[in-house]
Amino acid sequence: MSPSLQALRNATSLDALYPVLSAQCMTAGWHKKRPSLWKTPRTEFQPRHWSYEVGRAALDQAGLWIGTELAERRNLLLFNPVGDNDYDTVRTLVAAYQMIKPGEYARPHRHTPNALRFVLDAQPGVFSVVNGVQLPMCTGDVLLTPSDCWHSHFNDSPHNAYWIDILDVPLVHLLEPMFFEEHPHGEQAIEATPAAHPFWFQQADTAAALAAAPNHQGVQRHALNVADHFATQQLQFHQLAAKASTGTHRSTASRIFCVGSGSGQATLGDLQIQWQRGDVLAVPSWVPFEIQATEASQLFEVNDQPTLEKLGFYREIGRAHV
Ligand code: GTQ
Ligand code: FE2
């Protein structure tokens with residue numbers, strides 16, 4: 001008989017059994033350290049707010065010493081201060097401010113995580129190149145770089161350009177299908193410069209769609225048509241009239257809001273904050289939240305609702321109109 005079987009047979013009580021089990025990497029389900037099930041969602045992630053004024057000043061300052069040659073990307077990750085996390089913004093998504101200076105080239109690479117950019121400040125001449133297609137980055141635009149697409153960014157304008165990156169890297173960390181590759185030639189040949197593209201959502205089109213959307217007590221919403229390219233994330237704009245509110249809502253999705261224009265306040269769980277243009281709000285899973293506009297405002301939201309829906313885990317309370 002093996003020594004471990006012998007030790008099991010020799011045990012004369014449950015307490016004597018546990019260390020023998022433990023040596024075999026077995027734990028008695030009735031004797032585990034932590035509960036494995038609980039009544040309603042719990043998250044360690046905190047509701048949070050980041051200021052664009054601060055993020056932009058930090059990127060300007062960093063830009064004195066770090067270039068895209070060395071950094072590949074000059075980005076500032078907005079991490080949630082939970083445990084030793086220094087990357088994830090919410091459980092499945094990371095948000096970052098990125099800046100690129102005139103004449104700089106952020107060299108191409110590709111990765112399994114899906115990425116998107118919401119442009120905060122860019123003059124004509126700033127571009128993302130996605131699989132050889134050159135797409136302009138103008139203020140208020142959203143650009144997709146779906147999983148495994150080559151992407152690089154460059155700035156031929158005379159001013160620094162700023163945007164917010166949102167990626168599902170934390171989801172890829174959880175599920176572990178990470179692949180990353182630098183482009184073999186260090187630059188992408190430009191094969192097309194289209195006037196419209198399914199990866200490019202221009203602010204003028206967004207504004208028109210929002211204006212035509214149903215109005216629910218001063219709130220109009222417009223979802224971007226990304227489902228064919230993005231399996232994990234949903235993207236939508238909210239237009240709030242002055243003094244309008246989203247109403248209180250909670251769901252099992254994690255959400256990131258970027259302020260495109262305007263200003264206001266929000267209640268995110270126990271956190272009360274004031275927001276303005278360019279700021280980022282993080283709403284972890286099951287945190288009740290309400291966003292109120294002081295002046296007419298446009299918010300851009302990215303959430304992981306499609307991931308939860310595909311898995312059958314999406315639940316929500318509140319908000320009749322999505
Ligand atoms: O622009 O390719 O903020 O790959 C994080 C990872 C930006 C990018 C980020 C990235 C990028
Ligand atoms: Fe990237």
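The figures here come from the full heavy-atom set of this structure, side chains too, leaving out hydrogens, waters and symmetry mates.
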Would you kindly say whether Asn303 and Gln234 are connected by a side-chain donor-acceptor distance under 3.5 Å?
yes

Under a 3.5 Å distance rule, please check whether Glu191 uses its side chain to pair with a backbone N or O of Gly132 as donor and acceptor.
no

Between Pro284 and Thr43, the two heavy atoms sitting closest are CB-CG2, 3.9 Å

To the nearest 0.5 Å, what is the distance between CG (Asp165) and SG (Cys258)?
10.0 Å

Nearest-0.5 Å distance that lies between atom CG in Leu268 and atom CZ in Phe289:
8.5 Å

Would you say Phe300 and Val126 are hydrophobically clustered, going by side-chain heavy atoms of ILVMFWY under 4.5 Å?
yes

Show, in sequence, the C-alpha distance, side-chain angles and deciding distance for Thr232 and Thr92, and conclude whether the side chain to side chain contact (heavy atoms under 4.5 Å, CB included) test is met.
CA-CA 9 Å; Thr232 64; Thr92 55; over 6 Å; no

Under a single-linkage definition using a 4.5 Å side-chain heavy-atom cutoff for Ile, Leu, Val, Met, Phe, Trp and Tyr, are Phe118 and Ile256 assigned to the same hydrophobic cluster?
yes

Might you confirm whether atom NZ of Lys310 has over 12 heavy atoms from other residues, nucleotides or ligands at distances under 6.0 Å?
yes

Output yes when a side-chain donor or acceptor of Arg107 lies under 3.5 Å from a complementary backbone atom of Thr68, and no otherwise.
yes

After noting the C-alpha distance and the side-chain angles of Arg277 and Trp275, does the key distance pass the side chain to side chain contact (heavy atoms under 4.5 Å, CB included) rule?
CA-CA 7 Å; Arg277 198 180 101 75; Trp275 48 263; over 6 Å; no

Nearest-0.5 Å distance, OG1 of residue Thr40 to CZ of residue Arg250:
7.0 Å

I'd like to know if the side chain of Thr267 reaches the main chain of Gln272, judged simply by a donor and an acceptor atom lying under 3.5 Å from each other, with no hydrogens or angles considered.
no

Give a yes-or-no answer on whether the side chains of His109 and His183 include a donor-acceptor pair shorter than 3.5 Å.
no

With clusters defined by side-chain heavy atoms of hydrophobic residues (ILVMFWY) lying less than 4.5 Å apart, directly or transitively, does Leu281 cluster with Leu93?
no

Going through the checks in order, is the side chain to side chain contact (heavy atoms under 4.5 Å, CB included) test met by His222 and Gln239?
CA-CA 8 Å; His222 171 62; Gln239 184 156 283; over 6 Å; no

Exactly one of Gln292, Gln265, Glu290, Gln217 should register a side chain to side chain donor-acceptor pair (under 3.5 Å) with Ser245. Which one does?
Glu290

Would you call Ser128 and His151 a side-chain contact if the rule is heavy atoms closer than 4.5 Å?
no

Trp30 vs Leu14 side-chain heavy atoms within contact, under 4.5 Å:
yes

Pairs touching residues 41-77 that satisfy ring-ring contact (aromatic ring centres under 6.0 Å, His included), sequence neighbours left out
Tyr52-Tyr97

Main chain of Pro108, side chain of Gln188: is a donor-acceptor contact present, judged purely on distance under 3.5 Å?
no

Can you name the nearest heavy-atom pair linking Ala195 to Trp200, along with the distance?
O-CZ3, 3.2 Å

Any non-hydrogen side-chain atom of Phe199 less than 4.5 Å from a side-chain atom of Cys149?
yes

Looking at side-chain heavy atoms only, is the closest gap between Val302 and Leu235 below 4.5 Å?
yes

Hey, are the side chains of Met99 and Asp60 touching, using non-hydrogen atoms and a 4.5 Å cut-off?
yes

For Val169 and Met178, run side chain to side chain contact (heavy atoms under 4.5 Å, CB included): C-alpha distance rounded to whole Å, both residues' side-chain angles, the deciding distance at 0.1 Å, then the answer.
CA-CA 8 Å; Val169 173; Met178 181 67 80; 4.0 Å; yes

Closest approach of Arg117 to Thr145 (non-hydrogen atoms, all atoms of both residues)
NH2-OG1, 3.0 Å

ILVMFWY network linking Leu76 to Trp163, side-chain heavy atoms under 4.5 angstrom:
yes

Tightest non-hydrogen contact, residues Glu295 and Ser263, listed as OE2-OG, 2.7 Å

Determine whether Pro81 and Arg48 make a side-chain contact, defined as any pair of heavy atoms from C-beta on separated by less than 4.5 Å.
yes

May I ask you to decide if Asn155's main-chain N or O and Ser157's side chain share a donor-acceptor pair within less than 3.5 Å?
no

Considering non-hydrogen atoms only, spot the tightest contact between Pro146 and Phe230 and give its length.
CA-CE1, 3.8 Å

So, do Asn85 and Glu44 sit near enough that their side-chain heavy atoms are less than 4.5 Å apart?
no

Is there a donor-acceptor pair under 3.5 Å between the side chain of Arg74 and the backbone N or O of Ala62?
no

Please answer whether the main-chain N or O of Gln203 pairs with a side-chain N or O of Asp141 as donor and acceptor at a distance below 3.5 Å.
yes

Which pair of non-hydrogen atoms, one from Ile164 and one from Gly278, has the smallest distance, and what is that distance?
CD1-O, 3.9 Å

Atom CG of Asn10 with >12 non-hydrogen neighbours under 6.0 angstrom:
yes

d(Asp168 CG, Thr307 OG1) to nearest 0.5 Å is 7.0 Å

Can you tell me how far apart CG (Leu78) and CG (Asp88) are? Round to the nearest 0.5 Å.
12.0 Å

Intermediate values then yes/no, side chain to side chain donor-acceptor pair (under 3.5 Å), Glu316 and Gln305
CA-CA 10 Å; Glu316 67 179 347; Gln305 192 172 324; 5.4 Å; no

Could you see if Phe257 belongs to whatever hydrophobic cluster contains Val226? Use Ile, Leu, Val, Met, Phe, Trp, Tyr and a side-chain cutoff under 4.5 Å.
no

Side-chain contact, heavy-atom cut-off 4.5 Å: Trp286 with Ile317?
yes

Approximate separation, where rounding is to 0.5 Å, of Tyr87 OH and Asn80 CG:
14.0 Å

Would the distance check show the side chain of Asn114 and the main-chain N or O of Ser147 forming a donor-acceptor pair, the cut-off being under 3.5 Å?
yes

Provide the full list of ring-ring contact (aromatic ring centres under 6.0 Å, His included) pairs with a residue in residues 122-149, sequence neighbours left out, each pair given once.
Phe127-Phe154

Would you call Arg56 and Asp121 a salt bridge, using N to O less than 4.0 angstrom?
yes

